[in-house]
Number of protein chains: 2
Amino acid sequence: MSHPIRGNAIIGQAGGPTAVINQSLVGVIEEAQRSDHIHHLYGARHGIRGIVNEQFYDLKRQPRNMLKMVAQTPASALGATRDRPDQNYCERIFKMFRKFDVRYFFYIGGNDSAESARIIDKIASDSKYELRVLHIPKTIDNDLLGTDHCPGYGSAAKFVASAFIGDNLDNRALQGVKINILMGRRTGFLTAASILARQRPDDGPHLVYLPERPFDVDQFVQDVQEVYDQLGRCVVAIAEGITDCDGAFWAEKMFSMRRENIERDEFGNVQLTAGAGSLADYLVVILRDRCKNIKRVRADIFGYLQRSFPDYCSEVDAWEARLVGQMAVNYSLDAERAGSVALVRLPSTTYSAGTKLVRLEEVAPVHPPKIKILPAEYINETGNNVLDSFREYVRPLVGHLPRVGWFEQIAQPWHR
Amino acid sequence: MSHPIRGNAIIGQAGGPTAVINQSLVGVIEEAQRSDHIHHLYGARHGIRGIVNEQFYDLKRQPRNMLKMVAQTPASALGATRDRPDQNYCERIFKMFRKFDVRYFFYIGGNDSAESARIIDKIASDSKYELRVLHIPKTIDNDLLGTDHCPGYGSAAKFVASAFIGDNLDNRALQGVKINILMGRRTGFLTAASILARQRPDDGPHLVYLPERPFDVDQFVQDVQEVYDQLGRCVVAIAEGITDCDGAFWAEKMFSMRRENIERDEFGNVQLTAGAGSLADYLVVILRDRCKNIKRVRADIFGYLQRSFPDYCSEVDAWEARLVGQMAVNYSLDAERAGSVALVRLPSTTYSAGTKLVRLEEVAPVHPPKIKILPAEYINETGNNVLDSFREYVRPLVGHLPRVGWFEQIAQPWHR
């Protein structure tokens with residue numbers, strides 16, 4: 001099974017986009033263009049949906065300058081989907097593969113995509129159909145197992161760190177309390193990256209709340225009050241996925257709490273799925289209510305900016321995203337029939353990374369389901385901050401960060 | 001009165017920061033360093049509050065490399081204040097000027113700061129005290145009269161345009177409806193800049209709602225449904241300051257509407273001042289409720305990112321912000337005793353701007369109060385979009401924008 005097969009290839013992109021997901025796409029295209037074994041490389045429009053609907057881009061024929069532009073463009077150039085295919089759906093996909101003599105399937109995505117890839121590989125294997133299934137990891141959440149980190153994370157982390165550098169300066173200038181709600185339903189990696197904004201000892205974020213630790217409102221109020229009393233200001237980073245002690249999402253809880261009290265509310269019968277807005281408002285209100293000496297409280301929701309802001313990716317992340325795409329093609333031409341391309345941090349004084357192929361089950365275990373969360377060693381005891389040791393893990397991944405200047409000393413009034 | 005005076009100078013920064021407000025500060029510092037007439041240049045910490053509290057930075061002595069760093073750093077390096085001084089407060093300031101032989105006062109800010117400058121100038125004039133009062137404009141809202149545009153606006157507009165370029169791509173990839181709430185309580189200039197994201201005919205933002213036109217929810221639902229039915233997606237830009245037909249802020253209205261129905265709500269007795277979160281949630285809920293075929297609706301609040309994101313300013317804006325700072329010193333040394341430095345767009349085929357000195361009253365008229373709003377010629381008849389003609393006004397101010405790539409054609413399935 002280790003000889004290259006001749007046939008066609010399909011590539012798809014799935015789930016929430018990242019700033020560098022197209023680097024992986026272009027990595028695959030460029031390597032496929034060099035290969036005689038891959039006749040056609042077709043890009044499925046909106047992921048697996050494009051396969052069953054027979055909607056494709058002809059990717060081996062794209063001109064070099066267009067590829068260069070697409071590579072540096074955020075969000076999935078082929079279109080994405082949130083469809084989670086079941087066995088039946090995967091069999092329809094496989095039928096298309098047979099029909100079009102597809103022998104290579106590249107799927108760029110997160111957990112769900114790795115699971116889809118696994119099912120399709122199983123069907124092909126059971127049918128004795130020669131197919132190479134390669135999962136290419138991407139997620140700003142950084143929650144995939146089997147890889148040191150995920151392409152897409154570094155750029156999102158860079159955006160978050162930069163945003164907090166600016167927001168911390170803004171908060172220095174006008175003071176008060178500023179809360180930023182960050183993406184991350186289940187893992188705190190992205191929220192934790194906010195600590196890269198700390199340069200001076202009193203820089204924010206001063207408090208960091210993660211999905212990995214229960215969020216207690218009384219503790220939160222006390223934490224903010226303490227920082228504010230000390231510094232006259234406070235910058236807070238909160239993951240949208242914070243939960244209470246019972247593991248319920250605070251954002252959803254906000255909505256339920258409101259519903260109980262708002263029977264006649266005209267929008268009471270509609271559900272907020274995102275809930276970040278409700279959560280933000282709730283925390284602002286709680287602080288205004290309970291901390292009488294705090295006048296300015298404001299909350300922003302960075303939302304999709306974290307994954308789609310253009311022209312602002314991490315150089316390292318862009319390079320690695322390209323690499324995992326290229327390596328997917330290389331592995332498919334001479335290695336096992338299925339796997340996910342993982343990044344390996346190489347032992348070295350300066351940061352460098354390589355790749356290896358890991359089993360699909362390793363990336364997205366389904367029985368029981370498992371994701372990577374922020375290791376406990378990076379979280380302080382109280383559970384309201386991220387330790388400086390996390391810098392070592394995250395700093396090399398974000399590349400260049402903005403440098404800022406400030407005036408050190410306050411002058412004594414003259415003429416005295 | 002047109003000869004240069006010898007004495008000390010004070011500079012302060014006021015109100016919401018911008019990405020280039022420190023360019024103006026450094027423009028003043030560098031020119032002051034060249035002048036023998038200005039003995040000391042002291043930076044008031046947190047604006048006028050620093051004057052009465054006697055907290056200063058010694059600015060003529062700052063090293064060149066520090067100035068270079070500060071210039072490119074967003075948010076007020078001296079600290080800002082939202083204090084709006086009355087006559088009494090201004091007299092305390094003036095007392096300090098006398099005490100420290102201050103003959104030059106530079107104040108970087110918006111309407112309120114121009115008004116403070118006017119009062120202080122009046123007191124000095126009435127007291128026959130020789131004082132040069134120079135207002136240096138800054139605001140991301142672009143709402144000051146007397147100037148073609150305001151330093152700070154171009155960079156915020158660039159952030160908004162870039163954010164919509166990315167968000168539009170994200171929305172293409174995953175579809176659904178995306179709402180972004182932008183800064184701007186009274187003017188729509190910043191929200192209008194989102195149209196720079198349109199490159200292809202079906203690019204978003206597809207709908208733009210401004211404070212200049214009443215916002216009707218039924219019309220909004222109909223507008224979104226129409227775009228969605230046509231494109232399968234919709235990107236919306238909404239200014240936080242949209243009002244209803246009676247001129248009431250929607251954000252505040254949301255809160256009041258809720259309160260009436262939420263007597264037992266645990267946070268019913270607390271007021272949301274920002275209200276952007278409530279507005280965002282409300283619009284998401286309304287769309288989910290009324291547009292049954294729209295599955296994904298999400299709203300983000302860009303908030304302070306628009307004014308404080310580092311390393312992302314418009315080159316033109318940075319240059320002009322520096323220029324108005326430099327010119328403030330030059331005008332103070334040889335022109336009238338008080339004024340605001342205005343930008344003038346020069347008649348030319350390519351964009352270029354100069355400065356002139358305008359009266360303080362012209363920038364911030366108090367009787368009656370008046371600000372610059374987005375001219376009607378740029379708004380479509382229905383009041384739900386900004387016309388392409390606005391590009392001519394705004395495009396030169398934002399400098400470089402990200403370029404993106406995409407695949408043009410869908411391939412026919414092969415083997416047919």
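Here the structure is a predicted model, which means the values were calculated and not measured. Throughout, protein chains are lettered first and strands after them, A, B, ... in sequence-line order, and every chain is numbered starting at 1.
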Practice task
May I ask you to check whether A/N168 and A/D203 show a side-chain donor-acceptor distance below 3.5 Å?
Solution key: yes

Problem - Side-chain H-bond candidate by donor/acceptor type, A/N22 with A/Q13, under 3.5 Å - result: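 Yes, a side-chain donor-acceptor pair sits under 3.5 Å.
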
Problem - SB check A/E54 A/K99 (cutoff 4.0 Å) - result: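 Counted as a salt bridge, because a side-chain N and a carboxylate O are separated by less than 4.0 Å.
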
Could you look at [X] and say if it's the side chain, the backbone, both or neither that has a heavy atom under 4.5 Å from chain A?
X: B/I181; answer: neither
X: B/R296; answer: side chain
X: B/R403; answer: both
X: B/S162; answer: both
X: B/K68; answer: neither

Selection from [options] maximising heavy-atom pairs under 4.5 Å formed with chain A:
options: B/I165, B/N171, B/D300; result: B/D300
options: B/L67, B/N65, B/D167; result: B/D167
options: B/R61, B/K178, B/Q72, B/R172; result: B/K178
options: B/G79, B/P310, B/A19; result: B/P310
options: B/G50, B/A299, B/A75, B/A71; result: B/A75
options: B/L174, B/T81, B/L169; result: B/L174

Got a donor-acceptor contact below 3.5 angstrom from the [X] side chain to the [Y] backbone?
X: B/N53; Y: B/R49; value: yes
X: A/H46; Y: B/A173; value: yes
X: A/K138; Y: A/G16; value: yes
X: A/K60; Y: A/Y42; value: no
X: A/T18; Y: A/V20; value: yes

Exercise for the section: State yes or no: are the ring centers of B/Y312 and A/F309 separated by less than 6.0 Å? Expected result: yes

Practice task
Please flag which part of A/L25 lies under 4.5 Å from any non-hydrogen atom of chain B: side chain, backbone, both or neither.
Solution key: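 Only the side chain of A/L25 comes within 4.5 Å of chain B.
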
Exercise for the section: Go through A/G47, A/G303, A/S308 and name the one with the most non-hydrogen pairs under 4.5 angstrom from chain B. Expected result: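 Looking at each option in turn, the highest pair count goes to A/S308.
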
